[in-house]
Chemist: 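The structure under discussion is supplied below as structure tokens; questions concerning it will follow.
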Amino acid sequence: VQLQASGGGLVQAGGSLRLSCAASGSTFSNYAMGWFRQAPGQEREFVAAISRSGAGTGYADSVKGRFTISRDNAKNTVYLQMNSLKPEDTAVYYCAAVLSVPYGYAWYGTKRSQYDYWGQGTLVTVSS
């Protein structure tokens with residue numbers, strides 16, 4: 001599966017952005033999807049994930065209540081709605097996919113090592 005992330009940009013603290021990740025090349029509904037981010041000089045970290053059916057979602061504590069992950073399997077796209085953005089949310093955001101048919105409809109991964117396919121990243125900059 002190929003992944004193309006988009007929607008990043010510059011926003012003031014307290015603002016909102018919606019990231020999109022379009023998938024192609026395989027049956028999108030067979031994949032759990034995740035968003036990760038990497039700030040300069042830091043490790044890539046988990047942000048949010050969603051199961052292949054959309055029934056299961058998970059979030060990092062740092063974004064819980066502010067970010068919402070969703071997917072539209074008819075459009076082969078996963079979204080990350082980011083509200084109440086903070087300067088510490090500044091990072092390159094990556095979408096990722098893992099074939100999750102063996103794990104059930106509600107399964108999703110929260111570790112980088114669980115994901116096999118990665119998009120190219122989109123930069124989010126939050127100014128104070």
Side-chain angles (χ1 to χ4, degrees):
V1 63
Q2 291 81 47
L3 304 174
Q4 180 74 38
S6 62
L10 174 63
V11 64
Q12 288 189 332
S16 298
L17 279 175
R18 188 177 80 156
L19 305 184
S20 299
C21 176
S24 61
S26 192
T27 304
F28 181 65
S29 60
N30 287 342
Y31 293 80
M33 302 296 296
W35 286 98
F36 291 75
R37 67 186 181 186
Q38 188 167 17
Q42 298 194 17
E43 296 283 321
R44 193 172 299 186
E45 64 175 5
F46 169 73
V47 175
I50 188 166
S51 66
R52 62 189 180 98
S53 68
T57 58
Y59 299 90
D61 288 343
S62 59
V63 307
K64 206 170 289 184
R66 300 188 298 122
F67 291 10
T68 302
I69 190 170
S70 62
R71 65 188 296 158
D72 185 338
N73 285 349
K75 295 183 178 179
N76 293 348
T77 302
V78 63
Y79 305 97
L80 185 68
Q81 178 66 44
M82 305 186 295
N83 299 329
S84 302
L85 282 160
K86 304 175 181 180
E88 51 263 43
D89 295 318
T90 295
V92 177
Y93 283 71
Y94 298 88
C95 59
V98 56
L99 188 65
S100 64
V101 171
Y103 307 124
Y105 285 98
W107 182 88
Y108 56 86
T110 59
K111 299 180 176 64
R112 285 179 58 184
S113 59
Q114 293 173 305
Y115 288 85
D116 300 312
Y117 305 94
W118 293 83
Q120 85 290 0
T122 184
L123 177 62
V124 173
T125 304
V126 184
S127 63
S128 57

Chemist: Short question: side chain of S20, backbone of S6 - any donor-acceptor pair under 3.5 Å?
Modeler: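 Absent.
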Chemist: Can a donor-acceptor pair be found, under 3.5 Å and without considering hydrogens, that links the side chain of N73 to the backbone of R52?
Modeler: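 It does hold such a pair.
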Chemist: Side chain to side chain contact (heavy atoms under 4.5 Å, CB included) for D89 and R66? Distances and angles first, verdict last.
Modeler: CA-CA 11 Å; D89 295 318; R66 300 188 298 122; 2.7 Å; yes
Chemist: If I take atom CD from residue E43 and atom CD from residue Q38, how far apart are they, to the nearest 0.5 angstrom?
Modeler: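 If I round to the nearest 0.5 Å, the distance is 7.0 Å.
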Chemist: Does a salt bridge link K64 with D61, judged by any charged N lying under 4.0 Å from a carboxylate O?
Modeler: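 Yes.
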Chemist: Do side-chain atoms of Q120 reach the backbone of A5 as a donor and acceptor pair under 3.5 angstrom?
Modeler: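 Answer holds: yes.
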Chemist: Quick check on the hydrophobic clustering: are M33 and L17 connected, directly or via other members, by side-chain heavy-atom contacts under 4.5 Å?
Modeler: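 Yes, it is one cluster - the side chains of M33 and L17 are joined through contacts under 4.5 Å.
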Chemist: Ignoring hydrogens, what is the shortest heavy-atom contact between G7 and T122? Give both atom names and the distance.
Modeler: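 Of all heavy-atom pairs spanning G7 and T122, the closest is N-OG1, 4.0 Å.
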Chemist: Report the distance from atom CG of L10 to atom CG of L123, rounding to the nearest 0.5 Å.
Modeler: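 If I round to the nearest 0.5 Å, the distance is 9.0 Å.
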Chemist: Please enumerate all residues that pass ring pair (Phe, Tyr, Trp, His ring centres under 6.0 Å) together with F36, with sequence neighbours excluded.
Modeler: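 For F36 the ring pair (Phe, Tyr, Trp, His ring centres under 6.0 Å) partners, ignoring immediate neighbours, are F46, Y115, W118.
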Chemist: How close do L3 and A23 get, counting heavy atoms only, and between which atoms?
Modeler: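 Nearest heavy atoms, L3 then A23: CD2-CB, 3.7 Å.
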Chemist: Are W35 and Y31 grouped together when hydrophobic residues (ILVMFWY) are joined by side-chain heavy atoms under 4.5 angstrom apart?
Modeler: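 Yes, same cluster.
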Chemist: Measure the CD-OG distance between Q12 and S128 for me, rounded to the nearest 0.5 Å.
Modeler: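 The distance works out to 9.5 Å.
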Chemist: With the 4.5 Å side-chain cut-off for hydrophobic clustering, are Y105 and Y103 part of the same group?
Modeler: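 No.
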Chemist: Find out if a path of hydrophobic residues (ILVMFWY) with successive side-chain heavy-atom gaps under 4.5 Å connects W107 to V1.
Modeler: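 They do not share one cluster, since no chain of ILVMFWY contacts under 4.5 Å joins W107 to V1.
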Chemist: Indicate if V98 and Y117 have the same hydrophobic cluster label, given that clusters are the connected sets of ILVMFWY residues with side-chain heavy-atom separations under 4.5 angstrom.
Modeler: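 The answer is no; the residues belong to distinct hydrophobic clusters.
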Chemist: Check this for me: Y59, atom OH, are more than 12 non-hydrogen atoms of other residues, nucleotides or ligands nearer than 6.0 Å?
Modeler: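 It does: Y59 OH has more than 12 such atoms within range.
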Chemist: Please check: side-chain N/O of Y108 versus main-chain N/O of T57, any donor-acceptor pairing under 3.5 Å?
Modeler: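 Yes, the answer is positive, given that a donor and an acceptor are paired below the 3.5 Å cut-off.
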Chemist: Are any of the side-chain heavy atoms of V78 and F28 separated by less than 4.5 Å?
Modeler: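 Counting from C-beta outward, V78 and F28 do come under 4.5 Å.
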Chemist: Treating R71 as the side-chain partner and S51 as the backbone partner, does any N or O pair qualify as donor plus acceptor under 3.5 Å?
Modeler: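 Such a contact is found between R71 side chain and S51 backbone.
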Chemist: Closest approach of L99 and P102, non-hydrogen atoms and distance?
Modeler: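 Minimum heavy-atom separation between L99 and P102: O-CD, 4.2 Å.
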Chemist: As an exercise, state the distance from CD of Q81 to CG of L19, rounded to the nearest 0.5 Å.
Modeler: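 These two atoms lie 9.0 Å from each other.
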Chemist: Could you tell me the separation between the OH atom of Y79 and the CG atom of D72, rounded to the nearest 0.5 Å?
Modeler: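 Nearest 0.5 Å value for the OH-CG distance: 5.0 Å.
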Chemist: Restricting to pairs with a member in residues 3-37, which pass disulfide (SG to SG under 2.5 Å), not counting sequence neighbours?
Modeler: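 Qualifying pairs: C21-C95.
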Chemist: Do the non-hydrogen side-chain atoms of R37 and V63 ever get within less than 4.5 Å of each other?
Modeler: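 The answer is yes, as the side chains (C-beta and beyond) meet within the 4.5 Å cut-off.
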